[in-house]
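The structure presented is a predicted model; accordingly, all values stated were derived computationally and were not measured. Nothing fancy with the numbering, it's 1 onward along the sequence.
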Amino acid sequence: MSFFTKKMTWTNAEFIPFKLCVSAAYLYIGSTFSEFFISYKGFILGLFAVSLVYVMILWMKKMQN
C-alpha cells in the first residue's frame with residue numbers, strides 16, 4: 001500500500017494545527033488524572049476534535065497533490 005510511503009513537505013504554518021491537536025490530546029489524557037484540568041475537560045476534548053478534523057483535511061489535500 002503506497003499510502004504510508006508517500007513523501008510530503010509541510011510548512012511550519014501547516015504544522016501548527018497538528019501540534020495543537022497533539023497537545024490537546026495530551027491535555028485531555030492529563031485531565032483524567034489531574035484535578036487542575038478537570039473543569040476544562042469538555043473544552044479540551046472539543047479543541048482536540050476540531051483540530052483533528054482540520055489536520056485530516058490538510059493531510060488529505062496534501063496527499064492529492
Chemist: If you look at every heavy atom in Ser51 and Pro17, which pair is closest and at what distance?
Modeler: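 Answer, listing the atom of Ser51 first, then Pro17: CB-O, 4.0 Å.
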Chemist: Are Leu58 and Met63 linked, directly or through intermediate hydrophobic residues, by side-chain heavy-atom contacts shorter than 4.5 Å (ILVMFWY only)?
Modeler: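 Shared cluster, yes.
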Chemist: To the closest 0.5 Å, what do you measure between CE (Met56) and CE (Met60)?
Modeler: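 Rounded to the nearest 0.5 Å, the CE-CE separation comes out at 5.0 Å.
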Chemist: Quick one: pull up CG in Leu52 and CG in Leu45 and give me the separation to the nearest 0.5 Å.
Modeler: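 So the CG of Leu52 and the CG of Leu45 are separated by 10.5 Å.
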Chemist: Cluster question for you: counting only ILVMFWY and a side-chain heavy-atom cut-off of under 4.5 Å, with indirect links fine, are Phe48 and Ile16 together?
Modeler: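 Different clusters.
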Chemist: By side chain to side chain contact (heavy atoms under 4.5 Å, CB included), which residues pair with Val50, not counting sequence neighbours?
Modeler: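 For Val50 there are no side chain to side chain contact (heavy atoms under 4.5 Å, CB included) partners, ignoring immediate neighbours.
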Chemist: For Ile44 and Ala24, work out which heavy atoms get closest and say how close.
Modeler: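 Taking every non-hydrogen atom into account, CG2-O, 3.1 Å.
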Chemist: How long is the gap from OG on Ser23 to CZ on Phe18, to the nearest 0.5 Å?
Modeler: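 Result: 10.5 Å between the selected atoms.
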Chemist: Following the transitive rule for hydrophobic clusters with a side-chain heavy-atom cut-off under 4.5 Å over Ile, Leu, Val, Met, Phe, Trp and Tyr, establish whether Val22 and Trp59 coincide in one cluster.
Modeler: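 Linked within one cluster.
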